[in-house]
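Have a look at the structure below, then the notes.
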Amino acid sequence: MRFSPLIPLTFYLLVFMLIGAMAFTTPIDSEIKRGYYKNSADIVRRIYPAALGNLSYLLASYASTNIYSNTHEIEKFNEAVLLPPNQPNNDLIVFIMGEASLVTRYSTYGYHKQTSPFITDIFSQNGACIIPKIHSAAAFTKDSLPMTLSFNLPESDDNLFNNKSIIEMAKFNHYKTFWLASVAQEIQGSFNTKFGFIARKSDVVSFTNDSDDMSLSQLLETTLQNNNSPKNFIFVHLRGSHQPYTNYDEVDKQALPDAEEYDLTIHHTDRAVKALYDVINKYSDNYTVIYTSDHGEIVNVGHGIDNKVDQFLIPFMFISTNHRYDCQFIESFRGPTGYLSGLMNKYILSNLLGYNIDQTILEKEKSNDRVLMPNGNVMPFLEILKNQ
């Protein structure tokens, strides 16, 4: 820590007492232990928005080690990954990640308003499936997304830094990797996060020019038009239904004239996924597509709040032109609780990329169905369900 004599010692002590206290009350404790203080100081700034909050953020920025800036390839595979990988069967894998998307607001899953007619049609085709009873691994994007695209665990961030991510595994097995995201996700300004650390490892990182998710289909088309790689792994990150619920337009309002704003955002996501799928179908006849969400939403409240189950309940849909990957393939990752956990995404993607997984480790993970809570605790998912 580099001290300035212009700032009283008592101020340093006060700031680090606040930040230190958060190391025991928030999911950012591992960041603090690694010397990264900015996220915790940002919370201080929001709680104390005046001089103390702003100065604490500046001080933490000055003192921090940027643990997420390293773009060097990680050499080690997770212990669950069996080597060498097989020749991959999928020419194109597209993983579409929604945002704050509550499964019970999809007509695909029985909601009374027609919020997702296109998704229903796409994922009701041969080779497709609409998977019930899914939950995310966390209620924040910054935690859930890394547990999808790396071997990061609810209990520890060690694997994030020590094991190859899904992006790096794809590259190792001769896939070109793309990270396509809505500008509303603001990854440009938040590379200093766990999922930004993963995004940096992609061959190409691109953002839309506006926050409308419909723009992502044009970005995807441009990507596929200008790319001659035979194998491609593409991660697409939507703005989705994140607050404020403004990600919709006149088309959605005309389709659902009496719907509340959150439902309109689901309808808009439905259209965005349809547009993405049409591009995929146009440029490839050997593809696998997954649509899911980083977490759910407590509608009109938000997420990352208490222990409400809605912030974990998400959709999951799958379609593949490869008959080897069918609905039973996805169902094989469901645990004994009856739910498919977001923690299984990395294993599903590993298989799609040509890697086999140690079945002993996989079965152990399937049987340990837990989530990272907003307060940083790890809880069995069924305990959350029982408490509703």
Side-chain angles (χ1 to χ4, degrees), residues 73-97 127-129 131 137 144-153 159-160 162-180 195 197-205 220 223-224 227-237 276 280 283-292 294 316-333 340-359 361-362 365-366:
E73 181 182 352
I74 297 173
E75 296 296 330
K76 184 180 178 182
F77 286 84
N78 185 264
E79 62 178 349
V81 179
L82 301 179
L83 297 173
N86 302 309
Q87 180 71 26
N89 296 300
N90 296 280
D91 291 345
L92 176 61
I93 301 171
V94 182
F95 191 97
I96 305 170
M97 178 70 83
C129 41
I131 303 295
S144 178
L145 203 158
M147 287 189 275
T148 282
L149 292 178
S150 79
F151 289 83
N152 206 41
L153 297 172
N159 288 347
L160 179 69
N162 297 334
N163 296 160
K164 283 185 183 294
S165 67
I166 292 297
I167 301 294
E168 291 168 294
M169 288 170 60
K171 292 165 72 171
F172 185 87
N173 209 19
H174 312 296
Y175 281 87
K176 189 169 183 179
T177 57
F178 299 84
W179 187 288
L180 310 182
F195 70 86
F197 177 75
I198 297 169
R200 285 176 184 268
K201 305 299 177 75
S202 303
D203 292 310
V204 177
V205 179
L220 177 62
T223 297
L224 293 175
N227 173 52
N228 57 7
S229 173
K231 303 286 184 183
N232 297 283
F233 176 80
I234 302 177
F235 177 76
V236 182
H237 199 187
L276 288 166
I280 294 165
Y283 286 89
S284 177
D285 58 6
N286 182 3
Y287 59 80
T288 295
V289 180
I290 292 174
Y291 169 66
T292 187
D294 51 5
F316 189 105
M317 302 166 209
F318 176 91
I319 185 168
S320 181
T321 59
N322 189 322
H323 298 304
R324 178 178 177 181
Y325 302 108
D326 56 12
C327 298
Q328 187 52 47
F329 163 70
I330 299 296
E331 286 294 335
S332 70
F333 294 92
L340 179 64
S341 169
L343 290 171
M344 293 295 108
N345 288 336
K346 54 183 167 284
Y347 299 113
I348 293 170
L349 289 171
S350 295
N351 275 180
L352 292 173
L353 290 167
Y355 293 87
N356 291 322
I357 298 297
D358 184 300
Q359 287 302 302
I361 295 175
L362 178 60
E365 279 295 284
K366 283 165 56 177

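Everything quoted here is computed from the prediction, not taken from an experiment.
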Distance in Å, [X] [atom1] paired with [Y] [atom2], rounded so as to fall on 0.5 Å steps:
X      : Y      : atom1 : atom2 : answer
Ser202 : Phe178 : OG    : CZ    : 9.5 Å
Leu145 : Ile198 : CG    : CD1   : 6.5 Å
Cys129 : Gln328 : SG    : CD    : 10.0 Å
Lys366 : Ser332 : NZ    : OG    : 6.0 Å
Leu82  : Asn356 : CG    : CG    : 6.0 Å
Lys231 : Gln87  : NZ    : CD    : 6.0 Å

Verify side-chain hydrogen bond (donor to acceptor under 3.5 Å, both in side chains) between Asn227 and Asn232, making sure each step is shown before the conclusion.
CA-CA 9 Å; Asn227 173 52; Asn232 297 283; 2.5 Å; yes
Donor-acceptor under 3.5 Å ([X] side chain, [Y] main chain):
X      : Y      : result
Asp358 : Leu362 : no
Asn345 : Gly342 : yes
Ser150 : Met147 : no
Asn90  : Leu92  : no
Lys164 : Lys76  : no
Asp326 : Phe329 : yes
Tyr355 : Met169 : yes
Ser284 : Ile280 : no
Glu168 : Lys201 : no

Do [X] and [Y] make a side-chain contact, defined as non-hydrogen atoms from C-beta onward lying under 4.5 Å apart?
X      : Y      : result
Glu365 : Tyr347 : yes
Val289 : Ile96  : yes
Ile93  : Ile290 : no
Phe318 : Cys327 : no
Ile330 : Leu340 : yes
Trp179 : Leu149 : yes
Thr223 : Val204 : no
Leu276 : Val94  : no

For side-chain contact (heavy atoms from CB on, under 4.5 Å), just list the numbers for Leu349 and Phe233, CA-CA rounded to whole Å, side-chain angles, deciding distance to a tenth of an Å, and then say yes or no.
CA-CA 10 Å; Leu349 289 171; Phe233 176 80; 4.0 Å; yes
May I have the step-by-step check of side-chain contact (heavy atoms from CB on, under 4.5 Å) for Leu224 and Ile234, ending in yes or no?
CA-CA 10 Å; Leu224 293 175; Ile234 302 177; 3.9 Å; yes
State, to 0.1 Å, how close Ala199 and Val205 come at their nearest heavy-atom pair, and which atoms those are.
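Scanning both residues completely, I find the closest heavy atoms to be O-CG2, 3.4 Å.
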What heavy-atom pair brings Asn152 and Pro146 nearest, and what distance separates the two atoms?
CB-O, 3.8 Å
Derivation and outcome, side-chain contact (heavy atoms from CB on, under 4.5 Å), residues Tyr291 and Phe95
CA-CA 6 Å; Tyr291 169 66; Phe95 191 97; over 6 Å; no
With no hydrogens and no angle check, do the side chains of [X] and [Y] hold a donor and an acceptor under 3.5 Å apart?
X      : Y      : result
Asn322 : Asn286 : no
Ser320 : Thr288 : yes
Asp294 : Ser144 : no
Asp203 : Thr177 : yes

Aromatic centroids of Phe151 and Phe77 separated by under 6.0 Å:
no
Would you please indicate yes or no on a ring centroid separation below 6.0 angstrom for Tyr287 and Tyr283?
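Not close enough - the centres of the two rings lie 6.0 Å or further apart.
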Please lay out, stage by stage, how Lys171 and Glu73 fare under the test salt bridge (charged side-chain N to carboxylate O under 4.0 Å, His left out).
CA-CA 10 Å; Lys171 292 165 72 171; Glu73 181 182 352; over 6 Å; no
May I ask you to decide if the ring planes of His237 and Phe235 are parallel, tilted or perpendicular, using 30° and 60° as cut-offs?
tilted
Could you walk me through whether Phe195 and Phe197 pass the side-chain contact (heavy atoms from CB on, under 4.5 Å) check?
CA-CA 5 Å; Phe195 70 86; Phe197 177 75; over 6 Å; no
